[in-house]
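Labels below follow one simple rule: chain letters A, B, ... track the order of the sequence lines, proteins then strands, and each chain is numbered from 1. Reckoned from all heavy atoms, side chains included, excluding hydrogens, waters and symmetry mates.
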Amino acid sequence: MTENNLNKIWANIESDLSLDFQETNKVALTKAINNLPVYSASDKIWKQIDSRIHQPKIKFFSSRKMSIAASIVGLLGIAIGFLVWNHSSKINFYAVKATENIDLMSISDTSTASFEKIKNATCQLKPNYCSSDEFKNLTKQYDELINDQHRILLQSKISDDENLQQMLLKIENQKKEIQQQMIAMVD
Amino acid sequence: MPKYSEIELIEGCKNGNRIFQKILYEKYCDAMFTICKRLLNDEELACDAMQEGFLEVFRSIQSFQGNSTVGAWIKTIIIRRALLIGKRFRMFDEFDLKQHDKIIHWDSNLTGEELELAIKKLPEGYRNVFLLIEVEGFTHKETAELLGISEGTSKSQLYHSKKMLQKSLAELKN
């Protein structure tokens, strides 16, 4: 920096140090300040604040998701209908794989309960299949997945982490795979 | 809509009552939005400051002790938030090295609209100090604290802001 610039800066500092400036007709400024325009906040600001304050911890529900959930529950219902009772030894049931972010909390409970009913009914009819080591191993894996799912569901109640929903979806699909393996064994 | 006292509003908000939150918001939203818009000189940033600021208000309202009016408390929160947002987009203020005369004269015909236009042209640092002191009524000490500057800088910035306003207003008139 040149000496000239340094001198200018110092002159400015010196000037600011003795800021005893005078204002004349300040009433005009006060009047203008009092007449400054007031701006209206748009409605969208409140909507966004409101949604952020009161947003539910778990936001799984939507009409589309509900319709997917209803379809899956419907399919399970049909499967139960076929199973209870199809008098032939062939069991007509298949597991539905979840491919989207759906309301896993309600669906997993429904599908798990439905599958348990089917499994129990099948095992009563065909105890040999259910007592095999392979079937027991699958049952164990299935139960572990249910426990994991419950643990994540509890965690999702206190966290907005979107990864939790992905984990739930993954577990749900793993459950479906095991269900299909179990069905294939009995079939 | 029924009228509620300030105490009732605060209690309602402390209980997380959405209706009371809305009433409190509506009571102060335009004034706060005006402050944000002037400080940030940008409508979108002002909306961000309003959202973040009022969220902070509702989330921290349990800590409101009533040592000041709720309006003053909200104003401080909103201004802090707006200044924080402004920092993310801060540009360097121009520093005028010219010597100034120490007399500032305000035109008797100065209108609010003209002043508003001139305020918009101020660099951020000058604009903040002018708005906080002259428009919002904060002291140099309070302004210095809000902006994280010294009282001397606040005084200096106020003087320079007024000189720049005069220059802008003169250009507007011509």
**Q.** Evaluation steps, side-chain contact (heavy atoms from CB on, under 4.5 Å), between B/E134 and A/K26
**A.** CA-CA 11 Å; B/E134 294 294 350; A/K26 198 181 173 184; 3.2 Å; yes
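- A heavy-atom distance below 4.5 Å is not found between the side chains of A/S42 and B/M50.
- In this structure, B/K14 places its NZ atom where more than 12 heavy-atom neighbours from other residues, nucleotides or ligands lie under 6.0 Å away.
- Between the CD atom in B/E116 and the CG atom in A/L36 there is a gap of 5.5 Å [rounded to 0.5 Å].
- Among all heavy-atom pairs drawn from A/E23 and B/W106, the shortest one is OE2-NE1, 2.9 Å.
- A salt bridge is absent between B/K22 and A/D50; no separation between the charged side-chain nitrogens and carboxylate oxygens falls under 4.0 Å.
- Counting non-hydrogen atoms of other residues, nucleotides and ligands closer than 6.0 Å to CG of A/N34 gives a total above 12.
- Taking each heavy atom of A/K44 and B/C47 in turn, the nearest pair found is CE-SG, 4.4 Å.
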**Q.** Derivation and outcome, side-chain contact (heavy atoms from CB on, under 4.5 Å), residues B/F58 and A/I49
**A.** CA-CA 10 Å; B/F58 293 128; A/I49 294 168; 4.2 Å; yes
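- Nearest heavy-atom pair across B/L110 and A/A28 is CD2-O, 4.2 Å.
- Checked by atom type and distance alone, the side chain of B/D30 pairs as donor or acceptor with a backbone atom of A/A41 at under 3.5 Å.
- Going from atom OG of A/S51 over to atom CD of B/Q51 covers 8.0 Å, rounded to the nearest 0.5 Å.
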Q: Apply side-chain contact (heavy atoms from CB on, under 4.5 Å) to B/Q21 and A/W46, showing your working.
A: CA-CA 10 Å; B/Q21 287 172 337; A/W46 170 251; 3.9 Å; yes
Q. How far apart are the C-alpha atoms of A/I33 and B/L115, what are their side-chain angles, what is the distance that settles it, and do they pass the side-chain contact (heavy atoms from CB on, under 4.5 Å) test?
A. CA-CA 7 Å; A/I33 286 171; B/L115 182 62; 3.6 Å; yes
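- Using a 4.5 Å cut-off between heavy atoms, B/F130 touches chain A through its side chain atoms alone.
- In this structure, chain A has a heavy atom under 4.5 Å from the backbone of B/T111, while its side chain stays farther away.
- Contact annotation for B/E43: neither backbone nor side-chain heavy atoms come within less than 4.5 Å of a heavy atom of chain A.
- Taking 4.5 Å as the limit, some side-chain heavy atom of B/Y25 sits within range of a side-chain heavy atom of A/I45.
- The most heavy-atom pairs under 4.5 Å with chain B, out of A/V27, A/L29, A/N35, A/T30, come from A/L29.
- Here the CD-CG distance, from A/Q48 to B/D48, works out to 8.5 Å after rounding to the nearest 0.5 Å.
- Considering OG of B/S108 and CG of A/N25, their distance stands at 4.0 Å, rounded to 0.5 Å.
- B/T34 places a side-chain N or O within 3.5 Å of a backbone atom of A/Y39 that can act as its donor or acceptor partner.
- Put simply, of B/D107, B/L55, B/I35, the one with the most heavy-atom pairs under 4.5 Å next to chain A is B/L55.
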